[in-house]
Student: 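For reference, the structure I am asking about is given below.
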Amino acid sequence: MNLHGDIERVLFTEAEIQRAIDRVAAEVTSAYDGNDFTVVSVLKGSCIFASDLIRRIPIPLELAFLAASSYGSGTVSRGLRMNFLPSDNEIEGRSLLLVDDILDTGKTLHFIQAELDRRGARGVRTCVFLDKPSRRVVPIEPDFRCFEVEDTFVVGYGLDLAGRYRNLPYVGALREEVLSRHSRPDSTTG
Ligand code: 5GP
Ligand code: MG
């Protein structure tokens with residue numbers, strides 16, 4: 001079984017992704033030059049983006065990870081919780097760059113940003129690989145982003161469907177028959 005066969009069309013190729021990351025890495029570098037900061041990668045989806053991004057940022061930084069997930073029925077009263085966080089001394093008084101795979105409704109990033117603020121971060125900026133502004137529920141704009149995407153469910157380059165497809169090196173839309181085997185996935189399992 002080959003994952004490539006499940007992809008209907010490629011939205012962003014490997015080469016396009018690398019060019020966009022070069023641009024965002026340069027933006028992040030000039031924004032933080034002279035300031036110590038920590039890149040906080042939101043697991044699991046952003047691990048590939050974060051690891052490509054930080055290798056193009058030639059100034060001192062630290063790296064941390066966190067994970068959040070949703071609970072509840074999936075239709076009503078869906079809540080969010082932190083699964084794990086960096087230790088307090090990695091957050092308190094630090095400038096943080098929160099890195100996520102995709103900004104969709106905005107609920108996840110808003111929740112995580114508030115939690116980091118509450119734990120005493122000096123400042124939290126956000127950097128997302130993909131931005132789907134048409135889906136926004138919480139008014140939040142990323143400080144840095146690689147691409148804007150239409151309202152299509154996408155996989156690859158860290159983004160999954162039911163845990164799969166994260167290892168595709170490009171971003172693609174799935175074929176209809178693949179999608180119809182799954183209900184629209186709950187959006188916040190990383
Ligand atoms: P938000 O809280 O902004 O609605 O959700 C963000 C999370 O939803 C992302 O971290 C990601 O896990 C998931 N998500 C949203 N849109 C997509 C998509 O098009 N493809 C995939 N694979 N995950 C998505
Ligand atoms: Mg996910």
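Counting starts at 1 for both ligands and their atoms, following the listed order. Since we're looking at a predicted model, the values are computed, not measured.
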Student: Measure from atom 20 (N) of ligand 1 to every heavy atom in Leu159, Val154, Leu103 and give the option owning the shortest one.
Tutor: Val154

Student: Assign the ring pair Phe129 / Phe49 to parallel, tilted or perpendicular, where the plane angle (0 to 90°) is split at 30° and 60°.
Tutor: tilted

Student: Only pairs at least two apart or in different chains count here, so list each salt bridge (Lys or Arg N to Asp or Glu O under 4.0 Å) that has a residue in residues 81-91.
Tutor: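 Matches after skipping sequence neighbours: Asp88-Arg119.
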
Student: Could you check if a side-chain atom of Leu168 sits within less than 4.5 angstrom of a side-chain atom of His4, using non-hydrogen atoms only?
Tutor: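 In short, these two side chains touch, coming nearer than 4.5 Å.
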
Student: Show which atoms of ligand 1 fall inside a sub-4.0 Å distance from at least one heavy-atom site of Lys132.
Tutor: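 Those atoms are 16 (N), 17 (C), 18 (C), 19 (O).
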
Student: Within 45° of the axis and under 6.0 Å from the centre of the six-membered ring of Tyr32, does NZ or CZ of Arg125 qualify?
Tutor: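 Verdict for Tyr32: a cation-pi partner in Arg125.
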
Student: Determine whether the side chain, the backbone, both or neither of Val42 has a heavy atom under 4.0 Å from any heavy atom of ligand 1.
Tutor: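 Neither part.
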
Student: Can you list the ligand 1 atoms lying under 4.0 Å from a non-hydrogen atom of Asp100?
Tutor: 10 (O)

Student: Given side chains that start at C-beta, do those of Ile54 and Leu63 come closer than 4.5 Å, heavy atoms only?
Tutor: yes

Student: Does Gly45 have a heavy atom less than 4.0 Å from any atom of ligand 1?
Tutor: no

Student: Among Val155, Leu161, Asp104, Leu109, which one puts a heavy atom closest to atom 15 (C) of ligand 1?
Tutor: Asp104

Student: Checking Arg94 against Thr38 for the side chain to side chain donor-acceptor pair (under 3.5 Å) test, could you report, in this order, the C-alpha distance in whole Å, the side-chain angles of both residues, the deciding distance, and whether it holds?
Tutor: CA-CA 7 Å; Arg94 295 283 303 171; Thr38 299; 2.9 Å; yes

Student: Would you mind listing which atoms of ligand 1 come within a distance below 4.0 Å of any non-hydrogen atom of Asp160?
Tutor: 21 (C), 22 (N)

Student: Please indicate whether any nitrogen or oxygen in Phe153 is less than 3.5 Å from any nitrogen or oxygen in ligand 1.
Tutor: no

Student: Which atoms of ligand 1 sit under 4.0 Å from any heavy atom of Lys107?
Tutor: 2 (O), 3 (O)

Student: Would you tell me which option among Thr108, Val138, Asp131 has the nearest heavy-atom contact to atom 2 (O) of ligand 1?
Tutor: Thr108

Student: Kindly determine whether Tyr170 and Ile7 satisfy side-chain contact (heavy atoms from CB on, under 4.5 Å), including the steps that lead there.
Tutor: CA-CA 10 Å; Tyr170 51 80; Ile7 300 299; 3.7 Å; yes

Student: Any atoms of ligand 1 less than 4.0 Å from a non-hydrogen atom of Thr152? List them with their elements.
Tutor: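 Counting atoms of ligand 1 from 1, those under 4.0 Å from Thr152 are 19 (O).
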
Student: Answer with yes or no whether Asp101 contacts ligand 1, where contact means a heavy atom under 4.0 Å from a ligand atom.
Tutor: yes

Student: Do the charged groups of Asp6 and Arg175 touch, with an N to O distance under 4.0 Å?
Tutor: no

